[in-house]
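Okay, so here's the structure we're looking at.
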Amino acid sequence: MKEHKAMQENTQRSLWQEAWRRFRQNKMAMVGLAFISFLVLVSITTLLIDFFTDSSIYNEYVVKQDLFSRLKGPSPEHIFGQDEFGRDILLRMLWGARYSLFTGGLAIICALITGGILGALSGFYGGKTDTIIMRCMDVLLAIPSMLLATAIVAALGTSLWNVMIAIAIAYIPTFARTVRAAVLTVKDQDFIEAARAIGCGDSAIIFKYIIPNSLAPIIVQATLGLAGAILSIAGLSFLGLGIKPPTPEWGAMLSNARVYIRDAWHVTVIPGMGIMLTILSLNLMGDGLRDAMDPKLKK
């Protein structure tokens, strides 16, 4: 048993190493990974700055208004210019990255856990369990995710946590179906029958054998789902249902500045470019992960 477990661990390790090798060969995917890594580093840095300075830097440079310098274009002092209240757009973009990334990331994690458990149960047990769970997922899928998130936020109220809950609920059906499909391809394989033969229970089989061997499509879907979640958060903020001002969230910045697009192009173009580059980078990463983890594309 120990030898079988060690052999399985070595096989899994070699498969992940091979997937990483193929991922590194995809230059566009690596560019996307580099950009997202930069945003994560920026987000962590701003959190640490706020923690160690009691948000004094945030209050002084990110939130504080300077109406005498409103709508000024890019300059050496303010590389991205100043917004309609005279606040530095670069600093607001840096501080706002964490709201998009962390809120979207937490929403996708919640959706992945909930949808993953439902999909695993549905695919593993089948029958009435599969029918009930999948019909509930079909009801949610019948409603566009953005419309569903908008309705939930409108019902619960506008706040950071409510936005996260709305996005998570909207993405549960996607992960449930992805995990169900992965489970159906794995559950009838020989090593699952071997696990049954040695007396493993259903929960052990699902969480120790089936889900770890179904991670490839789940990881790819999570990466692409994060891109959609960030876009949904920006869309909700643009509609006035997201994070409240003066919090520097990119969608809210874009919404507040759209009336000035003819007079000051930078107040709308720069937040829009930030959203676009983030979504593009995540999609490039998702495509790279899909190609790296697809056994049919091995080189």
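Of the possible polar contacts, one joining the T46 side chain to the S43 backbone as a donor-acceptor pair under 3.5 Å is found. Side-chain atoms of D88 come within 3.5 Å of backbone N or O of L90 as a donor-acceptor pair. Within the 3.5 Å criterion, the main-chain N or O of S255 finds a donor-acceptor partner in the side chain of R258. Side chain of Y171 to backbone of G228: a donor-acceptor contact under 3.5 angstrom is found. No donor-acceptor pair closer than 3.5 Å links the side chain of S100 to the backbone N or O of A97. With H266 contributing its side chain and K72 its backbone, the two residues share a donor-acceptor pair below 3.5 Å. Put simply, the side chain of W250 gets close to the backbone of M93: a donor and an acceptor are under 3.5 Å apart. Listed for the T268 side chain is a donor-acceptor partner under 3.5 Å among the backbone atoms of W265. For E249 (side chain) and G251 (main-chain N/O), a donor-acceptor pair under 3.5 Å exists by modelled atom type. At distances below 3.5 Å, at least one donor-acceptor pair connects side-chain atoms of N59 with backbone N or O atoms of S55.
A chain of hydrophobic side-chain contacts below 4.5 Å, direct or via other Ile, Leu, Val, Met, Phe, Trp or Tyr residues, connects L94 to M273. Clustering ILVMFWY residues whenever any of their side-chain heavy atoms sit less than 4.5 angstrom apart, transitively, puts L48 in the very cluster that holds L39. In this structure, V42 is a member of the same hydrophobic cluster as I44, with clusters built from ILVMFWY side-chain heavy atoms closer than 4.5 Å. The cluster map of Ile, Leu, Val, Met, Phe, Trp and Tyr, joined by side-chain heavy atoms under 4.5 Å apart, puts L41 and F51 in different clusters. I36 and L280 fall into different hydrophobic clusters, defined by Ile, Leu, Val, Met, Phe, Trp and Tyr side-chain heavy atoms under 4.5 Å apart, directly or through other members.
Between A166 and A149, the shortest heavy-atom contact is CB-O, 3.6 Å. Between A257 and V267, the shortest heavy-atom distance links the atoms CB-O, 3.3 Å. The shortest non-hydrogen separation linking T178 to P217 is CG2-O, 4.0 Å.
Summarising the geometry, atom OG1 belonging to T45 is positioned 9.0 Å from atom CZ belonging to F38; distances are rounded to the nearest 0.5 Å. A distance of 12.0 Å separates CZ in F52 from CD1 in I57, rounded to the nearest 0.5 Å. For the atom pair CZ (F85) and OG (S69), the distance works out to 14.0 Å, reported to the nearest 0.5 Å. A distance of 13.0 Å separates CG in D54 from CD1 in I49, rounded to the nearest 0.5 Å. In this structure, the separation between CG on L282 and CE on M285 is 6.5 Å, given to the nearest 0.5 Å. Put simply, CE on M146 and OG1 on T150 are 4.5 Å apart, with the number rounded to the nearest 0.5 Å.
Annotation for L47: atom CG counts as buried by contact number, over 12 foreign heavy atoms lying within 6.0 Å. Crowding of I79 atom CD1: a count of heavy atoms from other residues, nucleotides or ligands under 6.0 Å not exceeding 12. For CE of M276, the number of neighbouring non-hydrogen atoms (other residues, nucleotides, ligands) closer than 6.0 Å is greater than 12.
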Any chance you could lay out the side chain to side chain contact (heavy atoms under 4.5 Å, CB included) test for I152 and N162, step after step, and finish with the verdict? CA-CA 8 Å; I152 294 172; N162 289 343; over 6 Å; no
Going through the distances and angles, do K64 and D66 end up as a side chain to side chain contact (heavy atoms under 4.5 Å, CB included)? CA-CA 7 Å; K64 188 177 180 180; D66 182 12; over 6 Å; no
Under the criterion side chain to side chain contact (heavy atoms under 4.5 Å, CB included), I'd like the reasoning laid out for N256 against E84: C-alpha separation, chi angles, the key distance, then a yes or no. CA-CA 8 Å; N256 295 333; E84 67 274 19; 3.4 Å; yes
Verdict with reasoning, L284 to M30, per side chain to side chain contact (heavy atoms under 4.5 Å, CB included): CA-CA 8 Å; L284 291 174; M30 290 300 294; over 6 Å; no
Run the salt bridge (Lys or Arg N to Asp or Glu O under 4.0 Å) check on R98 and D50 step by step: do they pass? CA-CA 12 Å; R98 70 190 191 204; D50 286 348; 2.7 Å; yes
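Contact of the P246 side chain with the R87 side chain is registered, since non-hydrogen atoms from C-beta on lie closer than 4.5 Å. Annotation: side chain of Y260 is not in contact with side chain of D83 (no heavy-atom distance under 4.5 Å). Residues I233 and I167 form a side-chain contact, since some pair of their non-hydrogen atoms from C-beta on lies under 4.5 Å apart.
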Just list the side-chain donor-acceptor pairs under 3.5 Å for residues 134-145, sequence neighbours left out, or say none.
residue	atom	partner	partner atom	Å
R135	NE	D138	OD2	2.9
R135	NH2	D138	OD2	2.9
D138	OD1	R177	NH2	2.3

What pairs of donor and acceptor atoms, side-chain ones from residues 218-227 against any protein atom, are under 3.5 angstrom apart with sequence neighbours left out?
residue	atom	partner	partner atom	Å
T223	OG1	I219	O	3.0

Taking only distance into account, with no hydrogens and no angle test, what donor-acceptor pairs under 3.5 Å do side-chain atoms of residues 101-124 form with protein atoms, sequence neighbours excluded?
residue	atom	partner	partner atom	Å
T103	OG1	Y99	O	2.6
T114	OG1	C110	O	3.0
S122	OG	D130	OD1	2.3

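Taking the side-chain contact (heavy atoms from CB on, under 4.5 Å) definition, one finds that S37 meets it with L33, sequence neighbours left out. With sequence neighbours left out, the ring pair (Phe, Tyr, Trp, His ring centres under 6.0 Å) criterion links F35 to no other residue. Contacts of V62 classified as side-chain contact (heavy atoms from CB on, under 4.5 Å), with partners at least two apart in sequence or in another chain: Y58, L91, R92, W95, P248.
Of the residues listed (N283, L231, I230), the one engaging T278 in a side chain to side chain contact (heavy atoms under 4.5 Å, CB included) is I230, and it is the only one.
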